[in-house]
Amino acid sequence: MLLLVDMTENKPYQDPNIPQAFLKPYNAEEHETRIYKLWHDSGFFNPDRLPIRHQRPFTIVMPPPNANGNLHVGHALAITLEDIMIRFKRMRGFKTLWVPGADHAGFETQIVYEKKLEKEGRSRFKMDPQDLYKEILAFTLENKANMEAQVRALGASCDWSREKFTLDPKVIAETHRTFKKMFDDGLVYRGSRIVNWCSKHATSLSDVETESKEKTDPFYYFKYGPFTIGTARPETKFGDKYVVMHPDDKRYAEYKQGQKIDLEWINGPITATVIKDEAIDMEFGTGVMTITPWHDAIDFGIAERHKLDREQVIDMRGKLLPIAGEFAGMKITDARPKIVEKLKAKGLLVKVDEKYVHNVPVCYKCETVIEPQILPQWFVKMAPLAEKAIKAVDAKQVIFEPDNYRKIFLYWMKNTLDWNISRQIVWGIPIPAKICDSCSFAEPDLENELTTCPKCKATLRADTDTFDTWFSSGQWPLLSLGYSEGSDWKQFYPTDVMETGSDLIFKWIPRMVIFGLYLTGKAPFHTVYLHGLVNDASGKKMSKSKGNVINPTDLIVKYGTDALRIGLVVGNTPGTDLSLSENKIKGYKNFGNKLWNITRFVLTSCEGIQILSTNAPDHNGLTPEDTKLITELHTLVADITKDLEDYRFYMSAEKIYHYVWHTFADIIIEDSKAKIAGTDAIIKTSRQLTLFYILTTCIKLLHPFMPFVTETIWEHLPIANKKLLMIEKWPEA
RNA sequence: GGGCGGUUAGCUCAGUUGGUAGAGCGUCACAUUGACGUUGUGAAUGUCAGAGGUUCAAAUCCUCUACCGCCCACCA
């Protein structure tokens with residue numbers, strides 16, 4: 001191998017074999033695996049093994065890809081952007097650490113696995129939770145290896161020796177400690193509050209795990225004593241015994257708070273109580289409604305304010321409970337028309353609007369309509385935590401790229417609801433708590449010591465729920481650096497940049513800021529760089545059902561990783577969605593070959609002259625024309641460096657591309673042909689030195705974007721004491 | 001209902017602090033045994049969504065309007 005062999009010092013370059021490599025077009029497939037191994041084996045992915053000049057840390061924590069399938073092209077973009085930052089900073093002399101990870105992705109993975117079970121005619125509800133866990137673990141580990149191979153194929157220069165999995169025992173232990181600490185600080189509590197319940201998956205979901213879906217349903221008006229009430233959900237109305245109106249509504253001024261009214265209802269006579277609450281919209285319907293606190297968030301709020309009774313009507317599988325009388329045991333969708341029929345028969349149906357358009361929350365995975373339920377769950381008290389996050393962002397301790405995401409972040413932090421962190425699924429980090437079913441006692445028990453309730457002496461049971469994935473992911477910058485266990489954390493925290501998809505601005509970013517500030521007093525990163533969604537060529541969102549999903553691996557096979565990388569970056573401004581056409585990637589494959597041939601030309605042209613370093617040639621040996629070319633190059637270097645420092649990757653990539661092709665190749669090289677072939681030795685030598693210098697500078701500038709082809713070319717350059725391009729010094733302007 | 005973003009060449013998009021519009025792809029013409037045909041040279045195409053304002057000067061700053069996209073939402 002001629003790879004890492006240093007060229008013999010002070011000997012003119014005249015190896016006739018080297019340009020041989022350039023006689024055929026650049027073939028990415030031939031080099032990429034080998035080059036990646038070379039980088040990996042060099043140890044330079046690990047900051048501790050970088051040469052001495054690398055002192056100041058620069059850290060990125062990779063958003064851990066879900067270990068439940070293949071990478072999509074959005075991952076490819078993320079990995080590319082992060083690798084560009086890391087490679088740039090490494091060449092600039094930073095002690096760069098990029099921590100890779102793999103996400104067990106709790107609910108997401110469990111769903112993927114449940115679909116697999118479904119196909120096999122099995123169900124998780126018939127399985128022992130332990131067995132289910134083991135099966136999902138095996139499935140995840142298999143996919144994890146696959147995912148890691150894809151990250152490598154993208155050229156990621158991350159430190160695999162520090163890779164973390166979100167279910168590593170240490171990660172679990174840290175998460176447990178945080179839970180306990182928050183409980184002790186009064187920031188985590190167990191409460192019976194209304195939660196989003198998916199009856200298909202039989203688990204509660206956070207607000208970000210639900211979506212709104214527009215539905216058209218009939219809207220019914222019923223006679224309720226002296227009132228007419230409107231509802232789209234008659235099946236919840238069995239237990240309704242409060243009738244609510246706005247305190248300022250003059251139409252109902254005669255009815256007073258707390259007044260009892262006897263009336264006939266679905267299953268017989270009841271006594272209703274009048275409640276006045278400002279949550280009522282006087283403009284909507286009749287301005288009067290009855291409430292179902294167990295199955296509606298607004299109603300729950302009203303019941304909380306007025307301390308009203310609440311009663312469960314629908315069970316956890318979506319069926320009516322005995323309170324529904326003759327309808328008990330029926331699915332709500334089947335029961336609805338029958339209930340309406342009965343009310344009609346009793347003369348209580350006033351009218352029906354057939355086409356009532358409204359938004360209903362659905363499970364973001366299966367689109368099952370969310371049934372709000374009151375459940376005892378663990379909650380994080382958000383307000384005090386969010387307040388710290390707002391302060392940190394206002395003080396510019398965290399900046400957003402692009403800046404408009406700051407507004408979205410702040411909006412989110414100013415409108416927090418307490419966060420339900422309990423999930424009724426096995427695939428996740430277990431909640432280390434003991435619960436008393438006889439009284440309200442519930443406490444974290446990390447050491448598994450509690451057996452009897454200190455309050456009522458009943459036997460305690462272990463919580464069988466797991467944490468919402470974001471509870472641990474929210475601590476990822478700390479967990480991935482081994483918070484509280486080693487020296488990494490002290491050296492590399494706070495990290496520098498968090499690069500992730502713009503859709504995570506509310507799911508993930510706020511939680512990381514909150515946990516970072518809460519646990520360490522410092523925000524976990526100073527810059528949030530958000531890339532947009534990668535859409536198909538016509539700007540449509542990629543989805544399996546549309547069949548327009550572009551698989552990054554296919555593109556790598558066809559055009560090479562470098563072409564994919566630079567194609568994803570050029571013209572892709574942060575925060576804005578990208579339309580990706582295969583043609584664009586193809587164009588950059590051609591660019592790789594162009595660069596390859598430029599090198600061939602320069603090496604051929606420089607044959608016989610003594611070139612040893614990649615420093616700028618001495619001005620004394622240069623013609624004024626060549627001095628000018630070098631000055632222009634240096635302007636470009638300064639420009640590109642500034643763009644990279646300011647996260648304008650799309651600009652820097654385009655500038656270097658344009659310079660290499662349309663200035664260096666089209667103008668400078670064309671102009672050089674006559675000079676190289678000419679008889680004026682001074683002009684010839686000057687141009688040879690200039691060409692070589694421009695080439696090596698461009699190779700360095702391009703390295704973060706197209707690491708494979710540049711490293712391959714670098715291998716073939718006649719330079720003394722050559723090391724890997726990956727750790728070469730970034731060009732000075 | 002609220003918020004955010006967009007509207008620039010046929011398409012996809014740049015345009016950093018205001019200084020007479022750019023790239024890639026595509027189109028057309030021409031060239032070429034050249035480092036590279038995975039090429040080169042040249043050409044065409046824009047009332048920078050519309051209206052008003054600030055300014056010596058606006059694609060860029062301000063206001064309003066229209067349309068498109070996305071996100072959020074506890075009007076039963």
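By convention in this document, chain letters (A, B, ...) are assigned in the order of the sequence lines, proteins followed by strands, and residues within each chain are numbered from 1.
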Between [N] and [M], how far apart are the two [atom1] atoms, rounded to whole Å?
{"N": "G10(B)", "M": "A44(B)", "atom1": "P", "result": "15 Å"}
{"N": "U60(B)", "M": "U16(B)", "atom1": "C1'", "result": "11 Å"}
{"N": "U47(B)", "M": "C11(B)", "atom1": "P", "result": "12 Å"}
{"N": "U8(B)", "M": "G15(B)", "atom1": "C1'", "result": "9 Å"}
{"N": "C13(B)", "M": "A59(B)", "atom1": "P", "result": "22 Å"}
{"N": "G19(B)", "M": "U12(B)", "atom1": "C1'", "result": "28 Å"}
{"N": "A73(B)", "M": "G2(B)", "atom1": "P", "result": "16 Å"}
{"N": "A31(B)", "M": "G69(B)", "atom1": "P", "result": "48 Å"}

Does the side chain of [X] get closer than 4.0 angstrom to OP1 or OP2 of [N] through an N or O atom?
{"X": "N590(A)", "N": "U39(B)", "value": "yes"}
{"X": "Y588(A)", "N": "G24(B)", "value": "no"}
{"X": "T599(A)", "N": "A35(B)", "value": "no"}
{"X": "K594(A)", "N": "G40(B)", "value": "yes"}
{"X": "H662(A)", "N": "G40(B)", "value": "no"}

Output the single nucleotide from [options] whose closest atom is nearest the side chain of [X].
{"X": "P25(A)", "options": "A14(B), C75(B), U38(B)", "result": "U38(B)"}
{"X": "I408(A)", "options": "C4(B), A73(B), A14(B)", "result": "C4(B)"}
{"X": "S212(A)", "options": "A73(B), G40(B), A35(B)", "result": "A73(B)"}
{"X": "D281(A)", "options": "A14(B), C75(B), C72(B)", "result": "C75(B)"}
{"X": "Y657(A)", "options": "G40(B), G15(B), G24(B)", "result": "G24(B)"}
{"X": "N597(A)", "options": "A35(B), A73(B), G15(B)", "result": "A35(B)"}
{"X": "T576(A)", "options": "A73(B), A14(B), A35(B)", "result": "A14(B)"}
{"X": "H658(A)", "options": "A35(B), G24(B), U16(B)", "result": "G24(B)"}
{"X": "K673(A)", "options": "A35(B), U16(B), G40(B)", "result": "A35(B)"}
{"X": "M651(A)", "options": "U16(B), C72(B), G40(B)", "result": "U16(B)"}

Rounded to the nearest Å, what distance is computed from the [atom1] atom of residue [X] to the [atom2] atom of nucleotide [N]?
{"X": "K541(A)", "N": "C71(B)", "atom1": "NZ", "atom2": "C1'", "result": "10 Å"}
{"X": "F219(A)", "N": "C75(B)", "atom1": "CZ", "atom2": "P", "result": "13 Å"}
{"X": "R406(A)", "N": "G3(B)", "atom1": "CZ", "atom2": "C1'", "result": "15 Å"}
{"X": "E214(A)", "N": "C70(B)", "atom1": "CD", "atom2": "P", "result": "13 Å"}
{"X": "I585(A)", "N": "U38(B)", "atom1": "CD1", "atom2": "P", "result": "19 Å"}
{"X": "K655(A)", "N": "G22(B)", "atom1": "NZ", "atom2": "P", "result": "15 Å"}
{"X": "E654(A)", "N": "G22(B)", "atom1": "CD", "atom2": "C1'", "result": "9 Å"}
{"X": "L504(A)", "N": "C72(B)", "atom1": "CG", "atom2": "P", "result": "12 Å"}

Open item on the list: Quick one, D394(A) and L410(A) - any side-chain contact, counting heavy atoms below 4.5 Å?
Closed with: yes

Task: Sidechain N-carboxylate O distance under 4.0 Å for R193(A), D418(A) - done: no

Task: Carboxylate-amine/guanidinium proximity below 4.0 Å for E371(A) and R233(A) - done: yes

Sort out the partner of [N] for me: Watson-Crick or G-U wobble, both distances under 3.5 Å, none otherwise.
{"N": "G52(B)", "answer": "C62(B)"}
{"N": "A73(B)", "answer": "none"}
{"N": "U38(B)", "answer": "none"}
{"N": "G26(B)", "answer": "none"}

Base, sugar-phosphate or nothing for [X]? Non-hydrogen atoms, less than 4.0 Å.
{"X": "E670(A)", "value": "base"}
{"X": "G532(A)", "value": "nothing"}
{"X": "Y405(A)", "value": "nothing"}
{"X": "A665(A)", "value": "base"}
{"X": "S579(A)", "value": "sugar-phosphate"}
{"X": "N593(A)", "value": "base"}
{"X": "F300(A)", "value": "nothing"}
{"X": "N415(A)", "value": "nothing"}
{"X": "G587(A)", "value": "nothing"}
{"X": "T573(A)", "value": "sugar-phosphate"}
{"X": "W596(A)", "value": "nothing"}
{"X": "I280(A)", "value": "base"}

TODO: Taking D643(A) for its side chain and R648(A) for its backbone only, find out whether a donor-acceptor pair lies under 3.5 Å.
DONE: no

Aromatic rings [X] and [Y]: how do their planes relate, parallel, tilted or perpendicular, breaks at 30° and 60°?
{"X": "Y224(A)", "Y": "W265(A)", "answer": "perpendicular"}
{"X": "H634(A)", "Y": "Y693(A)", "answer": "perpendicular"}
{"X": "F400(A)", "Y": "F409(A)", "answer": "tilted"}
{"X": "Y647(A)", "Y": "Y529(A)", "answer": "tilted"}

Task: Given RNA chain B, 5'-ward residue of the pair D646(A) and I598(A), judged by closest heavy atom - done: D646(A)

TODO: Could you check L580(A) against N583(A) and say which one's nearest nucleotide on RNA chain B is further toward the 5' end?
DONE: L580(A)

Task: Distance under 6.0 Å and angle within 45° of ring axis: K351(A) vs Y221(A) - done: yes

TODO: Look at the side chain of K407(A) and the base of C4(B), then say whether one donor and one acceptor between them are separated by less than 3.5 Å.
DONE: no

Open item on the list: Tell me if the centroids of the rings in Y657(A) and F705(A) come within less than 6.0 Å of each other.
Closed with: no

